[in-house]
Chemist: 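The structure follows.
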Amino acid sequence: MHQPHVPPPPDRRNFLTKAASIVIGGALAVVAPVAGLFVLLDPLRRKSQAGTFVKVGSLSSLPAGGAAQKFQVLETKTDVWNVTPNEPVGAVYLQRVGEGKVRALNAKCPHAGCFVNFKPGDAMHYHCPCHNSSFGMDGKILNPNSPSPRALDELPVELRGTEIWVRFQNFRAGVKDREPV
Amino acid sequence: MKSFFDWIDHRTGSKKLLHEVLFENVPGGARWRYAWGSTLVFCFSIQVVTGLFLWLAYSPSSQTAWESVYYIQHVMWGGWFLRGLHHFTAQAMTVLLALHLMQVVIDGAYKAPREVNFWTGVLLLLLVLALSLTGYLLPWDQKGYWATRVATGIAGITPMIGPAVERLVVGANDYGHHTLTRFFALHAGIIPGGIIAFIVAHVYLFRRHGLTAKLPKKAPDSPFWPDQVFRDAVVCLAVLIVILFFNFRSHGADLDAPADPSEPYPARPEWYFLFLFQMLKLPVFKGSMEVVGAIVVPTVVMVVLVAMPYLGNSKQGHRFNLGFLWAMLGVMASLTYLAMNEDRNDPGFQADVRAAKWEAERVITLAGEGIPTTGAITLLRNDPLTQGPKIFARNCASCHRYDGHDGLGGQPKDKISASDLKGFGSREWLTGLFDPEKIAGPLYWGGTEHAEGKMAKFVKEDVPEFNAEQKEKLRQGLIALSAEAGLKAQAALDKRDAALIAEGQKELKGSTINCADCHKFHGDGDDTGPDLTGWGSREWLTAFISDASHERFYGEKNDRMPAFGTDKMLTEREIGLVADWLRGEWYVPKSRAE
Ligand code: FES
C-alpha cells in the first residue's frame, strides 16, 4: 500500500516548525524598533545652518573716522518646526577701516561674556566694565592685567552695495582659542 | 557559551523559567484558535516600542502638539511610518480584543475557576479603549479635538459627579495645555502601566489554570513550544501584514488641521466608537434621556460582562452569554453601518469633510516654510486663501458673488445684487465692466443703483459711439487702470506692457475718453466719482471695503455697501485678508509657483 502523503518524521517536522517560529518571531520583533530608529536618527540628517550672513546695517550709518557703532544682530531662528524671523541673537560693533572696508567685532567680552562699551574720544578703544578689560579698535587686548584670554572676536563682513552683512557667531568665553558655540 | 548560560541560570533560574514558558502544556495539541491572546501581547509591545519612539519627538501643549506631530509625520525620517504603525496597531488591537473575548466565551474559558482572569481581561479591554480615547486627542488636530470634546462632554452629563469629572479630565475650564499634559500622562504613563500590571496578572492566572481546551480534543496534549508558538507567530505575522497594508495604503495616519475652537468641524469618533455616537442620536436618547444612553446602557453592558462567569456556570447561562455577545456585536455593527451610511448620504457632511481635508492640506503647505511660535493655527488664521472665502461668504456674499458662488462654493439664499468679484482688478474684469451689454447685467451693477448712474450711462451710450481712435485709447486706459491694481497674476503682463501702460495713464487724465470728467487719477481730474489712483491695489481695496461712502469713493452715491471698517463690522486684519484673497495674494510654495 502506498500512502499519497507521507508525513515527515517528527524530528524533521519539529525542526522546521522551530526554525520557522524563530524566523517569523524575529521579523515580528524587528519592525517597530527599526521604524523607531529611523525617527530617532533623524537629527543626523539635518544640516547645521550656521554661517549664514545676515544684514546688520548700512554703510551710511557708520560714522567717518573709524568710530564704532553698535548694532543689534537679528537672525531667523529655527527651532525644529518653529521659524522665528528677526530674533535678536547678539550685538556687533561696526567701524570703518579705510575706503569701503568695515570691521565687525562681537560685542561680547571673551572673558566672561559681558557687553563691552565703546569709548569714543582721542584714544578710541573698547572697555569691558565687568573686570576692566580694555581692547584696541582692532580688538586686541590693551591692558596687560586684563583677565580676558583673547582679543575681541572679529566676525567676517561682506558689503553688498551699501548694506553691511555679517556672519554672526558667538564664541565660548573664558578660553584662549575661539570655539564657536 | 554553555558555561555562560549555566552561570546565568545558577543565579537567576532562567532555565526553569524558560522551560516553564515554552513547555506549558497545550491540552489537545496546538490550535490556531488559541492565538488571539498572543496577538494582543504582540500588538501591545508594538505600541510600547512605537510609542516610546514617538514620545522622543512629541511635545504636549496647545502650541506644539500639532506642530510636533506635523514634524514627525511630514519631515522626520520614516516618521509617517512610525506614527502609522502606532495608529493602525491601535485599531487592530480593538478588533483583536473583540475576537479574543468572543473566543474565550465561546470556548467557555471564563467559567470557574477562571473568573478572576476573565475580569482582568475585561479591565484590560476597558484600559485599551481608554488608550484609544486619550491617544486620539494628542495630535491636537481638528478631528481629535472635536471628537474628544464630545467624549468629555458625555462624561460631563453623568449625574452628580459629571461636571467635576469633566473638569478634572480637561484640567481647566476649557481645552488647552493641561488637557494635553493630562491626556499624555494617561496615555503614555498611567494607562500603559496599568495594562502591563494587568497583563502580568492575566498571563499568570492563565498559566495557573491552564489553557481551556476546545472540546472535543483533536490530538494528544503537546507542549507550547514549538507547535503553538509557530501558530501564534503566523497569526501575529498575518496581523502585522494587515496593519502594514493599511499603513502603506493611507501613507500613515491622518493629520487634520490644527485644533481650532472657533472653526466648526464635522466631528466623528474613531470608527470603533461610532456605534456609541450613533446610539446617542437615536430618538429614545433625546434630551434628558441622553444620560441613559451615554452612561446607563454602557454600565449595564459592563455589569453583564462582569457577571458572565457566574451566568456561564449553567448551560442556559452560557447560552445567554453567547447570545448576548452576538447580539451586542450585531447591534454595534448595525449602528456603525447606520452611522457610516448616514454620513455617506449627507452632502452637507461630505462638503464639510472636503473642506476640512482642504484645510489640512493647506496648513501643511504653509507649515513647510516654518511655523511661528504661536502655533500652526496662526498660519491658517493669517492665510488669505483660507480666510478670504470665509469672510466673503459671511459678509459679502449676500450681495456679491465670487465666480457665481459665495466664495466657499455655496449659494446664498439672496439673489446676486452686486458685482461678481472674481478677477476684480484684472483686465478681463474691467473689460467686462466697459461692455455695454454687461455693465448693467447681473455680474456687474445690475442689482445696484449704479445701473442707473452716470457711469453705466456712459458705458451704454457713449462708449458704443466711440471712434476707432477713442476705442484704442480706452483700451490703453483700461490696461493702465488694471495695472494700478498691481495684481500678482498680471505682473508679467504689466511688465511687458509698460509702454502701453504709460500711454494709458495719460489717457486716464486726458480728455479723449472722458474719465477725468468724473474721476481723479494721480491728482488730476474731477472727483465726483471714485478716485482711480491705485484702483484695485491692496490699499485702495481695503480702504474701499472699510468705507465705500467715503468721498474718495462713492460718497453719497454709495448704494448699500456697508462701511465694514468704519462701522467696525470687520477688523482691519479681516479686511486685509479678504482683499488679499480677492487680489489673488497668498502663499504659493516655490515648486508649484514655477
Ligand atoms: S567679562 Fe569682560 S573683563 Fe570680565
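Here is how names work: the chains are called A, B, and so on, in the same order as the sequence lines, proteins then strands, and each is numbered from 1.
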Chemist: With rounding to the nearest 0.5 Å, note down the distance linking CH2 in A/W81 to CE in B/M76.
Modeler: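 Going from CH2 on A/W81 over to CE on B/M76, the span is 9.5 Å.
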Chemist: So do the side chains of B/P226 and A/N14 get within less than 4.5 Å of each other, counting heavy atoms only?
Modeler: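 Result yes, sub-4.5 Å side-chain heavy-atom pair found.
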Chemist: Considering only heavy atoms, which portion of B/S38 lies under 4.5 Å from any heavy atom of chain A: side chain, backbone, both, or neither?
Modeler: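 B/S38 has no heavy atom closer than 4.5 Å to chain A.
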Chemist: When heavy-atom pairs shorter than 4.5 Å are enumerated against chain B, which of A/A27, A/P33, A/A29 gives the highest number?
Modeler: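 Looking at each option in turn, the highest pair count goes to A/P33.
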Chemist: With a 4.5 Å heavy-atom cut-off, do B/L82 and A/F38 have their side chains touching?
Modeler: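 With C-beta onward as the side chain, the pair stays apart.
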Chemist: With a 4.5 angstrom heavy-atom cut-off, which part of B/L237 approaches chain A: side chain, backbone, both or neither?
Modeler: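 For B/L237, the contact with chain A is made by backbone and side chain together.
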Chemist: Measure B/T64 against the heavy atoms of chain A and call it side chain, backbone, both or neither at under 4.5 Å.
Modeler: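 Both backbone and side chain.
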Chemist: Checking B/Q47 against chain A: side chain, backbone, both or neither under 4.5 Å from a heavy atom?
Modeler: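 B/Q47 has no heavy atom closer than 4.5 Å to chain A.
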Chemist: Do B/L240 and A/V31 pass the side chain to side chain contact (heavy atoms under 4.5 Å, CB included) test, and can you show the C-alpha distance, the side-chain angles, and the key distance before you say yes or no?
Modeler: CA-CA 9 Å; B/L240 181 65; A/V31 174; 3.8 Å; yes
Chemist: Output the distance between atom CD1 (B/I72) and atom CG (A/D42), rounded to the nearest 0.5 Å.
Modeler: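 It comes to 10.0 Å.
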Chemist: Suppose the criterion is side chain to side chain donor-acceptor pair (under 3.5 Å): which pairs have a residue in residues 17-40 of chain A, not counting sequence neighbours?
Modeler: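 Sorted pair list comes back empty.
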Chemist: Heavy atoms only, distances under 4.5 angstrom: which of B/A367, B/P372, B/G78 has the most pairs with chain A? Name it, please.
Modeler: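 So the answer, after comparing B/A367, B/P372, B/G78, is B/P372.
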Chemist: Please look at B/D232 and chain A and tell me whether the side chain, the backbone, both or neither of the residue comes under 4.5 angstrom of a heavy atom of that chain.
Modeler: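 For B/D232, no heavy atom lies under 4.5 Å from chain A.
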Chemist: Using a 6.0 Å cut-off, check whether atom CZ of B/F23 has over 12 heavy atoms from anything other than its own residue.
Modeler: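 For B/F23, atom CZ is crowded (more than 12 foreign heavy atoms under 6.0 Å).
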Chemist: Go through A/A20, A/A35, A/G25 and name the one with the most non-hydrogen pairs under 4.5 angstrom from chain B.
Modeler: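 When all of A/A20, A/A35, A/G25 are compared, A/A35 has the most.
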Chemist: Need one label for B/V49: side chain, backbone, both or neither, based on atoms under 4.5 Å from any heavy atom in chain A.
Modeler: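 Side chain only.
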Chemist: With chain B as the partner, which of A/I24, A/L41, A/T84 has the greatest number of non-hydrogen pairs under 4.5 Å?
Modeler: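 Option with the top pair count is A/I24.
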Chemist: Checking heavy atoms, do the side chain of B/T89, its backbone, both or neither come under 4.5 Å from chain A?
Modeler: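 Interface part for B/T89: neither.
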Chemist: Looking at A/L40, A/I22, A/V80, which makes the most heavy-atom pairs under 4.5 Å with chain B?
Modeler: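 The residue among A/L40, A/I22, A/V80 with the greatest pair count is A/V80.
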Chemist: If you take all heavy atoms of B/C236 and A/L28, which pair is closest and at what distance?
Modeler: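 Smallest interatomic distance, heavy atoms only, reads CB-CD1, 3.4 Å.
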Chemist: Where on B/V75 is there a heavy atom nearer than 4.5 Å to chain A: the side chain, the backbone, both, or neither?
Modeler: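 Contact with chain A is through both the backbone and side chain of B/V75.
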Chemist: Just wondering, do A/V39 and B/W77 contact through their side chains at under 4.5 Å, heavy atoms?
Modeler: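 No, too far: nothing below the 4.5 Å cut-off.
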Chemist: Which one wins on heavy-atom pair count under 4.5 Å against chain A: B/G375, B/A376, B/S68?
Modeler: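 Among B/G375, B/A376, B/S68, the one with the most close pairs to chain A is B/S68.
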